[in-house]
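Report on one structure; see the data block that follows.
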There are 2 protein chains.
Amino acid sequence: MRRQRSTKQRKLVYDTVQALRDHPTADEIYLTLRSVEPKISRGTVYRNLNLLTENGEVRHVAMPDADRFDWRTERHYHLRCTQCGAIVDAPMPYRAELDSQLAQDTGFQVRRHHLVFEGLCPACLQQNAEGKDQA
Amino acid sequence: MRRQRSTKQRKLVYDTVQALRDHPTADEIYLTLRSVEPKISRGTVYRNLNLLTENGEVRHVAMPDADRFDWRTERHYHLRCTQCGAIVDAPMPYRAELDSQLAQDTGFQVRRHHLVFEGLCPACLQQNAEGKDQA
DNA sequence: ATGGGTGCAAAGTGTTTGCAAGTAT
DNA sequence: ATACTTGCAAACACTTTGCACCCAT
């Protein structure tokens, strides 16, 4: 059977996800990490992110631009600004009852759901308002 | 100002999305289309899917494997089987109040949300049960 | 006749993988 | 010593794009 080793790189990837709490992409994690461990490779970052996700130590968040990673491992929702791309956690509890309700209604075994809100963040709204004044 | 022309290819792409009601990918649409219009190119299919989406004539559905397209244009939720990849519409109404509630709570201007359930479809559940009997 | 659209192929992006060398156990 | 892991680069999968020709208006 295969046993997972504890390597410096894996620890660094984990620590970086914990440190960067703004839902970084694999590449952002890689770039951050490179200043600490210049020889680390993208492949290693991707592989470790996948391993850590399987282990449940970090959480994978699929976004339209790229896969992102989240230090929070409990299920929760996200809110994305379609203008600047910022992603924040939505202050809204996970509604597990939706899963069981849908299971009842469809015959599927529903494991979970992903909920992503889209809109404009306060900063972008403000910026747009200023831009309009000038125009 | 730019005016959109009506071309044979655009009509074919639209008709194919309407005909394939199982949330096809761009490539599936391309392959289907090729039997009718052998010289059509992937680029044209992608371009027209993007145009039709902007026009609101079809709906774009982001899924982990690829972008998919939906003949239903009203907002609705999806249910994906993580085993066979099937995607079906979730029999659950769009909850617009979540958008306004989150807007209140965060200061974002929330335009919409995407909700995707994940689980196992009845067919895969059945198949797994049979497999287990044999093992 | 204009300028948007098409077909083709090349280029882009994000992610995975084959391989030989390195290293945790 | 064993076999998991790494670094590197090539390979992948999906999508976009440059360009010359075509065609709807």
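Just so we're on the same page: letters track the sequence lines, and every chain starts at 1.
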Contacts under 3.5 Å, N or O only, protein and nucleotides 21-25 of chain C:
| unit_1 | atom_1 | unit_2 | atom_2 | d |
| --- | --- | --- | --- | --- |
| C:dT23 | O2 | A:R5 | NH1 | 3.0 |
| C:dA24 | N3 | A:R5 | NH1 | 3.3 |
| C:dA24 | N3 | A:R5 | NH2 | 3.4 |
| C:dT25 | O3' | A:R3 | NH2 | 2.5 |

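- Distance, B:R10 CZ to D:dC23 C1': 13 Å, rounded to whole Å.
- The side-chain contact (heavy atoms from CB on, under 4.5 Å) test applied to A:Y46 returns A:A26, A:R42, not counting sequence neighbours.
- Residue A:Y30 contributes atom OH, which lies 16 Å from atom C1' of C:dT13 at whole-angstrom precision.
- Of the candidates C:dT15, D:dT15, D:dT16, the closest approach to any side-chain atom of A:A66 belongs to C:dT15.
- Following rounding to the nearest Å, B:L49 (CG) and C:dT6 (C1') show an atom-to-atom distance of 15 Å.
- Residue A:L49 comes nearest to A:T53 through the heavy atom pair O-OG1, 2.7 Å, listed as atom of the first residue, atom of the second, then distance.
- Between A:L31 atom CG and C:dG14 atom P the separation is 11 Å, expressed in whole Å.
- When rounded to the nearest whole Å, the span between CE of A:M63 and P of C:dT15 equals 13 Å.
- Residue B:D89 forms a salt bridge (Lys or Arg N to Asp or Glu O under 4.0 Å) with just one option from B:R72, B:R21, B:R59, and that option is B:R72.
- Within residues 37-48 of chain B, the residues that have a heavy atom under 4.0 Å from DNA chain D are, in order of number, B:G43, B:Y46, B:R47.
- When the C1' atoms of four end pairs are superposed on the next four at each end of the helix from C:dA1-D:dT25 to C:dT25-D:dA1, using five pairs per end, the two resulting axes differ in direction by 30°, to 10°.
- A side-chain donor from one of B:D70 and B:H78 sits under 3.5 Å from a side-chain acceptor of the other.
- The minimum heavy-atom distance between A:A62 and A:D67, with the atom names listed, is CA-OD1, 4.3 Å.
- Side-chain contact check for B:N55 and B:Y14: no donor-acceptor pair (N or O, by modelled atom type) lies under 3.5 Å.
- For the OP1/OP2 pair of C:dG7 and a distance below 4.0 Å, the side-chain nitrogens and oxygens of B:Q9 include at least one atom meeting the criterion.
- Residue pairs meeting the salt bridge (Lys or Arg N to Asp or Glu O under 4.0 Å) criterion with at least one member in residues 29-39 of chain A, sequence neighbours excluded: A:K8-A:E37.
- What separates CG of B:L51 from P of D:dT15 is a distance of 16 Å, to the nearest Å.
- Nucleic acid contact class of A:D27 (heavy atoms, under 4.0 Å, all strands): none.
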Could you give the side-chain donor-acceptor pairs of residues 101-110 of chain B under 3.5 Å, partners two or more places apart or in another chain?
| unit_1 | atom_1 | unit_2 | atom_2 | d |
| --- | --- | --- | --- | --- |
| B:T106 | OG1 | B:L102 | O | 2.7 |
| B:T106 | OG1 | B:F108 | N | 3.1 |

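- Looking at heavy atoms from C-beta onward, B:I87 lies in side-chain contact with B:M63 at the 4.5 angstrom threshold.
- Going from atom CD of A:E54 over to atom C1' of D:dC4 covers 14 Å, rounded to whole Å.
- The residues A:R112 and B:E118 are annotated as salt-bridged, a charged nitrogen and a carboxylate oxygen being separated by less than 4.0 angstrom.
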### Task
Start with the C-alpha distance between B:H113 and A:Y77, add both sets of side-chain angles, then the distance that settles side chain to side chain donor-acceptor pair (under 3.5 Å), and finish with yes or no.
CA-CA 10 Å; B:H113 62 267; A:Y77 303 148; over 6 Å; no

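- Atom CG in A:D65 sits roughly 14 Å away from atom C1' in D:dT15 (whole-Å rounding).
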